[in-house]
Structures are given as structure tokens and as C-alpha cells.
J.: 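This structure is in C-alpha cells; I'll ask about it shortly.
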Amino acid sequence: PLTLYHFQHFATYGVLSNVVAVPLMSFIIMPGLIVALILMPFQLEGGLLNILDIFIRQVIDVAHYTANLDGAVFHSSFWPVSAISLFVFGGLILVFTKGKLRYLSFLFFVFSFIPIMTTSLPNILIADQSQLIGVYKDGRLYLNTTSKDKYTAKQWGSIYGIKPEQFLEMDNCYDGACTMALNGKRISYLSNMHGLAEECQKADILILSYGLDNEDQCKARHFDRFDTWRHGAHALYIQGKKIRTKTTDKAVGNRPWTQ
């Protein structure tokens, strides 16, 4: 659970690979390296290192083999703090209590999944440079481009439990402009000035990779480069007619090292 909370993925066959790797590391490789270190001043370590290289390659081969098995990695969506708190509290009850009271821990384990299933995930994500946006629709993550800022896209995918190879590009993209329908709203992204006047009138949510000089003339709810420059990355939640926004600066707070 702690691994899923922090990283949203878990190595399914980690225990299997460690059954082979840990004994080799503990009883052969590490002691052998200590002996090789002692022999180095006498220049006698060469033969031992060649032997240890065989065992090290065995460990690497085991890691590669288990990593390439079907289902080697279990992906999970975002875990809220309330979920992991309930799970940890249940674990403490299980460890530190006796008798029938221990059965109470399983109740906390079950309740910990309720926040996971009920927590709303952002519908739209905007990177801090406004060069990448993601739209979550029907269990899939659509990006304006899959060739830029791959690290950020990978982190976004972990929020939804989606692998990078499953990312999709928005269908209606042409000449730096992308449009998409989501929950009855028109989502538009522009990386240049072409079509700005039209999208300011048509779009419900307009995302711009540059700063908008005259905001009063744009009817659409818009997020431009000035917004991400001031507040960092954005997460948008579409709740009926309302659009709720979360930004990096609100999550991190006003700290000296974030200014």
C-alpha cells in the first residue's frame, strides 16, 4: 500500500526475483567484493572480479526476466491521504493488539478503499510551461503531443493508473491547435495566435501556450502562460457547470524555496 500511495505502481514479481537475487548478493557478491577490495593493493583482485561478474550478470538477468513477464507491474490510480491513513491505522491495530480486537483492523482495510473509489480525479491537466496538456476521458489520457515532456506525461499517467504506451494524442489537432469535447464542454488548446478569436467565442475552456494580452475580449474560461508562470501547473475539475481549479502553488504553499 505504501508503494502504491507514493508511486502508483507495484512490482508484482518483486518477491520472486528477490528469492534469487538476495542470496546471491548477500552470500556471494558482497563478501566477494570486500575480499576483492582487500586484494586490490596487491593487484590480485582481477580473477575474483571476473568470477563475481558472472553472478552480477545473473542478478541482472533475473531482474530483466521478471520485469518482462506479463503483469510484472501492477498500476493503481491515485491514493488520497485518507486512504493510506486508514490502511496504516488498520495495520497498527493488527500488529499491536490481541484477541478479537485484531479483527477490527480488517474493517479499516476495507474502509481504506472507499476514498480511492470515490476521490475525483482531474479532468484536465496543464503543465507548468503550458506546452503540454492532458485530458482524461473514458478511462484514457489524451495529450496534445506525445513527443514532448515525456516525464511529466508519465507522472500524469501514474495518477490515473495508465501506462505511457497507452497515451493517446487528441484527434482534432492541426497547425498548433487541438480541440476536444469533454462532459458537454469544448476544450481547446492553442500554441499560436491562429484561431484565437474564434476559439475565444466557441470554447468553454481555452488553454494557451502563450500569454493573452487582452483577457477581456476572450469569452471562454481561459488559462494562459501567465497563469502557469504565476501559479505553476494546473489541474481542472469539471463539476457540472462549474470548473474547479487546483494549482501547484496552492498545494506547495508560499515557501522561500518555491519562489
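No experiment lies behind these values; they were computed from the predicted model shown. Both backbone and side-chain heavy atoms feed into the values below; hydrogens, waters and symmetry mates do not.
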J.: For Gln201, what residues pass the side-chain hydrogen bond (donor to acceptor under 3.5 Å, both in side chains) criterion, not counting sequence neighbours?
T.: none

J.: Could you give the distance from CE (Met170) to OG (Ser188), rounded to the nearest 0.5 Å?
T.: 9.5 Å

J.: Looking at Asp227 and Asp224, would you say the former's side chain and the latter's main chain have a donor-acceptor pair under 3.5 Å?
T.: yes

J.: Locate the shortest heavy-atom distance separating Asp249 from Arg230; write the atom from each residue and the value.
T.: OD2-O, 4.1 Å

J.: Could you state whether Trp79 and Phe10 fall into the same hydrophobic cluster, counting links through intermediate Ile, Leu, Val, Met, Phe, Trp or Tyr residues with side-chain heavy atoms under 4.5 angstrom apart?
T.: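 Linked, Trp79 and Phe10 end up in one cluster.
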
J.: Is the shortest distance from a Lys or Arg side-chain nitrogen in Arg57 or Asp53 to a carboxylate oxygen in the other one below 4.0 Å?
T.: yes

J.: Less than 3.5 Å apart, which donor and acceptor atoms pair up between the side chains of residues 126-141 and the rest of the protein, not counting sequence neighbours?
T.:
from	atom 1	to	atom 2	distance (Å)
Gln129	OE1	Arg225	NH2	3.0
Ser130	OG	Thr228	OG1	2.7
Lys137	NZ	Ala181	O	2.9

J.: Between the side chain of Thr248 and the main-chain N/O of Ala233, is any donor-acceptor distance below 3.5 Å?
T.: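 Yes; at least one donor-acceptor contact below 3.5 Å.
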
J.: Please list all pairs passing the ring-ring contact (aromatic ring centres under 6.0 Å, His included) test where one or both residues lie in residues 212-236, with sequence neighbours left out.
T.: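 Every ring-ring contact (aromatic ring centres under 6.0 Å, His included) pair that includes a residue of residues 212-236, provided the two are not neighbours, is Phe223-His234.
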
J.: In the single-linkage hydrophobic clustering (I, L, V, M, F, W, Y; side-chain heavy atoms under 4.5 Å), do Leu48 and Met40 co-cluster?
T.: no

J.: Return all side-chain donor-acceptor pairs below 3.5 angstrom for residues 112-123, not counting sequence neighbours, or 'none' if the list is empty.
T.:
from	atom 1	to	atom 2	distance (Å)
Ser112	OG	Phe109	O	2.5
Thr118	OG1	Ile114	O	2.8
Thr119	OG1	Pro115	O	2.4
Asn123	OD1	Ile238	N	2.6

J.: Just wondering, do Leu33 and Leu49 contact through their side chains at under 4.5 Å, heavy atoms?
T.: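 Leu49 vs Leu33: side chains touch.
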
J.: Do Trp156 and Ile162 belong to the same hydrophobic cluster, where Ile, Leu, Val, Met, Phe, Trp and Tyr are linked whenever their side-chain heavy atoms lie under 4.5 Å apart, directly or via other members?
T.: yes

J.: Which ILVMFWY residues are connected to Val110, directly or by a chain of links, through side-chain heavy atoms under 4.5 Å apart?
T.: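 Val110 clusters with nothing; isolated.
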
J.: Working to the nearest 0.5 Å, report the span between CG of Leu125 and CD of Gln155.
T.: 12.0 Å

J.: Just to verify, what does Leu44 make a side-chain contact (heavy atoms from CB on, under 4.5 Å) with, not counting sequence neighbours?
T.: Leu39, Phe42

J.: Can you tell me how far apart CZ (Phe87) and CD1 (Ile84) are? Round to the nearest 0.5 Å.
T.: 7.0 Å

J.: Mind checking whether Glu169 and Thr146 have side chains closer than 4.5 Å, heavy atoms only?
T.: yes

J.: Which residue pairs satisfy the disulfide (SG to SG under 2.5 Å) criterion with at least one member in residues 186-226, sequence neighbours excluded?
T.: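 Every pair satisfying disulfide (SG to SG under 2.5 Å) with a residue in residues 186-226: Cys200-Cys218.
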
J.: Considering all heavy atoms of both residues, which atom of Asn144 and which atom of Cys178 are nearest to each other, and what is their separation?
T.: CB-SG, 4.1 Å

J.: To the nearest 0.5 Å, how far apart are CZ in Phe108 and CG in Leu92?
T.: 10.5 Å

J.: CZ/Arg102 to OG1/Thr97 distance, rounded to the nearest 0.5 angstrom?
T.: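 So the CZ of Arg102 and the OG1 of Thr97 are separated by 6.0 Å.
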
J.: Please table the atom pairs, donor to acceptor, closer than 3.5 Å between any side-chain atom in residues 204-212 and protein atoms at least two apart or in another chain.
T.:
from	atom 1	to	atom 2	distance (Å)
Asp204	OD2	Arg186	N	2.7
Ser209	OG	Ser191	O	3.4
Tyr210	OH	Asn192	O	2.9

J.: With the 4.5 Å side-chain cut-off for hydrophobic clustering, are Leu107 and Val88 part of the same group?
T.: no

J.: May I ask you to check whether over 12 heavy atoms, not counting those of Gln43, lie within 6.0 Å of atom CD?
T.: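 Result for CD/Gln43: open.
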
J.: Please check this pair: side chain of Glu199 against backbone of Leu196, looking for a donor-acceptor N/O pair closer than 3.5 Å.
T.: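 It does not hold such a pair.
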
J.: Tell me every residue that passes side-chain contact (heavy atoms from CB on, under 4.5 Å) with Lys246, counting only those two or more places apart in sequence or in another chain.
T.: Ala235, Tyr237, Arg244

J.: Below 4.5 Å, heavy atoms only, C-beta onward: do Lys148 and Thr145 meet side chain to side chain?
T.: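 Touching, per the 4.5 Å side-chain cut-off.
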
J.: Apart from Tyr174 itself, which Ile, Leu, Val, Met, Phe, Trp or Tyr residues share its cluster (side-chain heavy atoms under 4.5 Å, direct or through members)?
T.: none

J.: Under the side chain to side chain contact (heavy atoms under 4.5 Å, CB included) criterion, do Tyr142 and Met180 qualify, and how do the steps go?
T.: CA-CA 9 Å; Tyr142 295 85; Met180 189 171 182; 3.3 Å; yes

J.: Could you walk me through whether Ile187 and Thr179 pass the side chain to side chain contact (heavy atoms under 4.5 Å, CB included) test, one step at a time?
T.: CA-CA 6 Å; Ile187 315 299; Thr179 60; over 6 Å; no

J.: So how far is it from Ile56 CD1 to Asp61 CG, rounded to the nearest 0.5 Å?
T.: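 Spacing of CD1 (Ile56) from CG (Asp61) equals 12.0 Å.
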
J.: In terms of hydrophobic clusters joined by side-chain contacts under 4.5 Å, are Ile34 and Phe55 together?
T.: no

J.: Locate the shortest heavy-atom distance separating Ala36 from Glu45; write the atom from each residue and the value.
T.: O-CB, 3.5 Å

J.: What's the shortest heavy-atom distance between Gly90 and Ser105, and which atoms?
T.: O-CB, 2.9 Å

J.: Sequence neighbours left out, cut at 3.5 Å: what donor-acceptor pairs do the side chains of residues 12-30 make with other protein atoms?
T.:
from	atom 1	to	atom 2	distance (Å)
Thr12	OG1	Gly71	O	3.0
Thr12	OG1	Ala72	O	3.4
Tyr13	OH	Asp70	O	3.1
Ser17	OG	Tyr13	O	3.4
Ser17	OG	Gly14	O	2.9
Asn18	ND2	Gly14	O	3.1
Ser26	OG	Val22	O	2.9

J.: Going by the rule side-chain hydrogen bond (donor to acceptor under 3.5 Å, both in side chains), which residues pair with Gln58 if we only count those two or more places apart in sequence or in a different chain?
T.: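 side-chain hydrogen bond (donor to acceptor under 3.5 Å, both in side chains) list for Gln58, sorted by chain: empty.
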
